[in-house]
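Here's the structure, in structure tokens; my notes come after.
Because only heavy atoms are used, hydrogens play no part in the values below, and waters and symmetry mates are left out as well, while side chains stay in. Quick note on labels: first sequence line is chain A, next is B, and so on, each numbered from 1.
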Amino acid sequence: MTQNIQIYNTLSRTKQKFEPLNPPFVGMYVCGPTVYGDPHLGHARPAITFDLIFRYLLHLGYKVRYVRNITDVGHLENDADQGEDKIAKKARLQQLEPMEVAQYYTNRYHEAMRSLNVLPPSIEPKASGHIIEQIEMVHKIIHAGFAYIANGSVYFDVKKYNQSHQYGKLSGRILDDLYANTRQLDGQNEKQNPYDFALWKKAAPEHIMRWKAPWSIGFPGWHLECSAMSAKYLGTHFDIHGGGMDLLFPHHESEIAQSVAANHIDPCKYWVHNNMITINGQKMGKSLNNFINLDAFFTGKHPLLTQAYSAMTIRFFILQAHYRGTLDFSNEALQAAEKALKRLLTAHNTLLKVAPAQQTDAELQTFITTFTTKCYDAMNDDFNSPILIANLFDSTRYINLLNENKLTITQPDLQRFTTTFKNFMFQILGITNQTTTEDTQTTQGLMNLILSIRQQAKQNKDFATSDKIRLELQKLSITIKDTKEGPSWSLD
RNA sequence: GGUACUAUGGCCGAGUGGCUAGGCAGAGGUCUGCAAAACCUCCUACAGCGGUUCGAAUCCGCUUGGUACCUCCA
């Protein structure tokens with residue numbers, strides 16, 4: 001916990017020293033999914049980004065309360081849909097109860113997160129379970145004079161708020177510009193100004209998800225749930241608020257306005273935003289037909305994919321880029337990531353087999369003394385996972401040299417080396433080693449038998465047999481390697 | 001049009017005012033019955049145009065791409 005973490009704050013557009021409000025406690029809120037469709041690539045990036053931050057803070061010994069919500073209150077698809085929301089629409093199309101839809105896709109989301117080895121958050125509140133808190137917050141905002149009621153709906157008065165506060169300080173927007181660019185929606189609107197946003201919306205007759213409030217039977221505005229739930233579980237002023245860069249405006253901007261209006265304080269100290277994902281250089285969107293569900297990656301069943309990619313490959317690929325940069329998905333890039341990951345995992349298995357010696361070579365000694373520090377430095381610099389991964393790759397060279405007995409290492413140094421490697425690779429980056437069957441006794445016995453038969457064949461120069469064994473095993477995803485110490489095998 | 005992010009070698013991707021990130025792919029070599037793996041060596045880029053500087057890919061300005069948001073869409 002003595003680490004000096006620099007964290008990029010969207011609010012200041014600079015890296016700042018991370019100083020929790022109440023150490024060792026850290027409160028972190030991240031906007032979760034709206035559960036009306038299968039989880040896709042767009043869900044993976046923020047989940048993995050904040051999983052990395054969560055894991056690192058935990059590793060350093062912070063007591064982190066990580067809150068990530070589930071949006072199961074439908075919000076309007078667009079004006080033309082006459083008040084029908086996404087979840088309700090799905091429910092109508094599939095003839096299901098809206099909550100059935102929400103639960104189904106919540107489960108799907110959880111399954112995907114588990115595959116990606118994303119740790120569950122400390123609290124995962126649902127918007128539908130916090131209607132009371134949201135109504136209370138609307139009361140507070142009305143009481144503070146920053147909201148008005150129109151025909152059963154309640155709107156946030158952005159113009160008034162902006163007179164005493166700065167609406168746009170997070171996204172860099174200026175209210176006059178917003179006005180100039182949004183006036184085309186004037187007319188039948190209940191809003192006093194086009195940039196006002198709903199806190200509570202009166203439900204149209206066909207709107208299924210509805211709750212009773214003093215103003216009308218209706219549903220909460222979509223910025224409100226995050227403000228209400230973060231305040232409930234993390235307090236009115238907490239450490240980190242995260243989410244995708246696409247949420248910067250209007251969602252997060254409005255969260256600040258609501259919280260300041262209701263609680264008289266900015267909701268959080270650090271705003272952290274992950275950048276977006278593109279596919280083959282194009283934006284990902286349903287209309288462009290390049291919208292890839294996570295399941296499609298795992299099975300390879302999508303026109304844009306030439307093969308299946310494991311969840312760990314996806315995770316590793318995302319971590320190979322810094323979270324604030326855009327990330328482009330392509331088959332070529334994913335295949336590179338797949339091989340790179342395999343190389344690291346192989347190196348780890350090799351490291352576990354290294355036998356200690358009387359002394360550590362000078363070159364290796366130098367490396368080991370700086371290795372741990374360099375890994376921490378990478379993470380401390382705004383969670384720079386690409387640099388961390390580069391450091392791990394630097395270490396593989398030494399691992400392989402140790403394996404070939406070209407270098408030696410003492411037991412304490414080996415212990416240090418292994419601990420650092422494991423901590424950063426598995427605990428912090430959250431990579432898992434999927435080859436579990438490798439260790440079962442039966443498999444091990446069978447493989448020893450097969451390999452001894454193959455060695456016999458090789459000694460008899462019966463290469464037809466030895467090659468056949470290797471080829472057939474390859475079909476079962478088992479790779480044979482002939483090393484100086486004899487044959488070895490691994491499960492791909 | 002506005003706001004913001006971004007532009008790096010064949011590909012993916014870090015970083016920095018002068019001291020070659022890393023991975024993948026490619027070339028050569030060692031090893032090997034062959035293969036795979038591993039190791040060694042090679043491939044040295046920073047959108048364009050100006051400016052600041054002893055020196056910029058790194059700072060400043062302009063131009064041109066790309067992306068997101070600006071719609072009661074996480």
Side-chain angles (χ1 to χ4, degrees), chain A residues 10 13 30-36 42-43 46 69-71 75-81 83 85-86 153 155 168 170-174 176-178 180-182 184-185 189-191 194-199 201 219 221-223 225-226 243-251 253 273 275-278 281-284 316-317 320-322 324-330 332-341 343-344 346-347 350 378 381 384-394 396-397 399-401 403-404 406 458 461 463 466-467 470-471 474 479-484 488 490:
Chain A
T10 310
R13 312 273 170 195
V30 174
C31 296
T34 299
V35 281
Y36 72 105
H43 292 109
N69 68 302
I70 293 282
T71 299
H75 296 291
L76 301 181
E77 196 148 291
N78 58 51
D79 282 346
D81 275 342
D85 70 57
K86 288 176 180 176
S153 293
Y155 294 95
L170 181 67
S171 58
R173 280 171 166 77
I174 294 159
D176 290 342
D177 295 340
L178 287 174
N181 287 303
T182 50
Q184 68 272 17
L185 287 178
N189 212 300
E190 296 162 345
K191 293 192 282 189
Y195 38 70
D196 291 347
F197 54 89
L199 296 172
K201 186 78 180 167
F219 53 97
W222 69 282
H223 308 307
E225 58 175 280
C226 290
M245 219 170 250
D246 53 336
L247 297 177
L248 244 171
F249 188 90
H251 186 55
E253 194 70 65
H273 291 94
N275 214 319
M276 310 313 284
I277 279 168
T278 56
Q282 272 192 310
K283 83 166 189 180
M284 189 175 69
F316 186 72
F317 182 73
Q320 262 196 313
H322 186 76
R324 278 192 290 115
T326 53
L327 176 60
D328 189 55
F329 266 72
S330 64
E332 203 179 1
L334 279 168
Q335 282 157 16
E338 187 177 46
K339 287 185 186 175
L341 174 59
R343 195 166 161 223
L344 281 181
T346 304
T350 305
D381 185 13
N384 199 322
S385 53
I387 294 288
L388 171 58
I389 289 170
N391 288 331
L392 292 177
F393 272 111
D394 286 340
T396 62
R397 187 173 155 262
I399 293 172
N400 288 322
L401 287 172
N403 187 44
E404 292 178 9
K406 288 176 181 167
K458 280 178 67 175
K461 304 275 182 198
F463 297 122
S466 67
D467 284 352
R470 187 172 61 198
L471 204 68
Q474 188 63 67
T479 305
I480 303 292
K481 290 180 214 160
D482 289 321
T483 68
K484 285 200 182 77
S488 75
S490 65

| task | Scan A:Pro250 against the nucleic acid and name what it touches under 4.0 Å (heavy atoms): base, sugar-phosphate only, or nothing. | result | base
| message | Quick one, A:Gln320 with A:Ser385, criterion side-chain hydrogen bond (donor to acceptor under 3.5 Å, both in side chains). Give me CA distance, side-chain angles, the key distance, then yes/no. | response | CA-CA 6 Å; A:Gln320 262 196 313; A:Ser385 53; over 6 Å; no
| note | Of the listed B:rA14, B:rC72, B:rC12, the closest approach to the A:Lys191 side chain comes from B:rC72
| query | B:rG33, B:rG23, B:rA25: which one has an atom nearest the side-chain heavy atoms of A:Ser466? | reply | B:rG33
| task | Could you tell me whether A:Gly32 contacts a base, only the sugar-phosphate backbone, or nothing, with contacts defined as non-hydrogen atoms closer than 4.0 Å? | result | sugar-phosphate
| request: Measure from the side chain of A:Ala198, starting at C-beta and using heavy atoms only, and say which of B:rG23, B:rC39, B:rC72 lies closest. | output: B:rC72
| request: Go through B:rC5, B:rG22, B:rC69 for me and flag the one nearest to the A:Phe249 side chain. | output: B:rC69
| field | G-U wobble or Watson-Crick pairing nucleotide for B:rC19 (cut-off 3.5 Å, both distances) | value | none
| message | Please give the distance between the P atoms of B:rG61 and B:rC5 as a whole number of Å. | response | 13 Å
| query | What distance, rounded to whole Å, do you find between the two C1' atoms, one in B:rU58 and one in B:rU52? | reply | 13 Å
| field | Interatomic distance, A:Arg13 CZ vs B:rU3 P [rounded to whole Å] | value | 12 Å
| field | Rounded distance in Å - CD1 (A:Ile277) to P (B:rC69) | value | 14 Å
| message | Is the terminal nitrogen or CZ of A:Arg173 (NZ for Lys, CZ for Arg) located under 6.0 angstrom from the six-membered ring centre of A:Phe249 and within 45° of that ring's axis? | response | yes
| note | Assert: residue with more 5' nearest nucleotide on RNA chain B, out of A:Ala340 and A:Pro33, is A:Ala340
| Inter-nucleotide P distance (B:rA14, B:rG22), Å rounded | 15 Å
| field | Between P of B:rC12 and NZ of A:Lys339, the distance in whole Å | value | 16 Å
| How far, in whole Å, is B:rA56 from B:rG23 if one measures between their P atoms? | 30 Å
| query | Does the A:Lys406 side chain pair with the main chain of A:Leu401, one donor and one acceptor, at a distance under 3.5 Å? | reply | no
| message | Tell me whether the side-chain N or O atoms of A:Asp467 pair up with the base of B:rG33 as donor and acceptor below 3.5 Å, since no angle test is needed here. | response | yes
| Across the strands shown, which category fits A:Leu392 at heavy-atom distances under 4.0 angstrom: base, sugar-phosphate, nothing? | nothing
| Counting distance only, does the side-chain N/O of A:Asn384 pair as donor-acceptor with the main-chain N or O of A:Ile387 below 3.5 Å? | yes
| Pair partner, B:rA47 [Watson-Crick or wobble, under 3.5 Å] | B:rU63
| request: Provide the Watson-Crick or G-U wobble partner of B:rC39, both distances under 3.5 Å; none if there is no partner. | output: B:rG29
| note | When rounded to whole Å, the CG to C1' distance for the pair A:Leu344 and B:rA38 reads 15 Å
| query | Over how many whole Å does the gap from A:His273 atom NE2 to B:rU3 atom C1' extend? | reply | 14 Å
| Given that A:Gly172 and A:Ile387 both sit by RNA chain B, which one's nearest nucleotide is further toward the 5' end? | A:Gly172
| Are A:Phe463 and the base of B:rG33 stacked, counting only ring centres nearer than 5.5 Å and planes tilted under 30°? | yes
| What is the base-pairing partner of B:rA56, counting Watson-Crick and G-U wobble geometry with both distances under 3.5 Å? | none
| query | Which nucleotide in the set B:rG15, B:rC69, B:rC72 lies at the smallest distance from any side-chain heavy atom of A:Asn384? | reply | B:rG15
| message | Looking only at side-chain N and O atoms, does A:Asn403 offer a donor or acceptor that is under 3.5 Å from a partner on A:Thr350? | response | no
| query | Under the 3.5 angstrom rule, does the side chain of A:Asp196 hit a backbone N or O of A:Tyr155 as a donor-acceptor pair? | reply | no
| note | When rounded to whole Å, the CG to C1' distance for the pair A:Asn275 and B:rU67 reads 8 Å
| message | Determine whether a donor-acceptor pair (one donor, one acceptor, N or O, separation below 3.5 Å) exists between the side chain of A:Arg324 and the base of B:rC5. | response | no
| query | What nucleotide, of B:rG22, B:rC11, B:rC72, holds the atom closest to the side chain of A:Tyr155? | reply | B:rC72
| query | Which nucleotide sits closest to the side chain of A:Glu404: B:rC39, B:rU3, B:rG33? | reply | B:rC39
| Side-chain heavy-atom pair A:Leu344, A:Thr396 within 4.5 angstrom cut-off | yes
| Heavy atoms under 4.0 Å, any strand shown: does A:Asp394 hit a base, just sugar-phosphate, or nothing? | sugar-phosphate
| field | Whole-angstrom distance between B:rC42 and B:rG33, as gauged at atom C1' | value | 29 Å
| query | Do A:Lys201 side-chain and B:rC72 base share a donor-acceptor contact under 3.5 Å? | reply | yes
| task | Let me know the distance between CZ of A:Phe329 and C1' of B:rG13, rounded to the nearest Å. | result | 13 Å
| Spacing of A:Leu388 atom CG relative to B:rG23 atom C1', expressed in whole Å | 14 Å
| note | When both distances are under 3.5 Å in a Watson-Crick or G-U wobble arrangement, the nucleotide paired with B:rG2 is B:rC69
| query | Using the C1' atom in both, what is the distance from B:rA7 to B:rG48, to the nearest Å? | reply | 11 Å
| said: Whether the side chain of A:Arg470 and the base of B:rC34 hold a donor-acceptor pair under 3.5 Å is what I'd like checked. | reply: yes
| request: Looking at every strand, decide which applies to A:Leu247 at a 4.0 Å heavy-atom threshold: base, sugar-phosphate, or nothing. | output: base
| said: Quick check for you: among B:rC39, B:rG33, B:rC11, whose closest atom lies nearest to any side-chain atom of A:Glu332? | reply: B:rC11
| task | Measure from the side-chain heavy atoms of A:Ala390 and tell me the nearest of B:rG23, B:rC39, B:rA21. | result | B:rA21
| field | 4.5 Å side-chain heavy-atom contact, A:Phe393 and A:Arg343 | value | yes
| request: Among the candidates B:rA21, B:rC5, B:rC24, find the nucleotide nearest to the side-chain atoms of A:Met245. | output: B:rC5
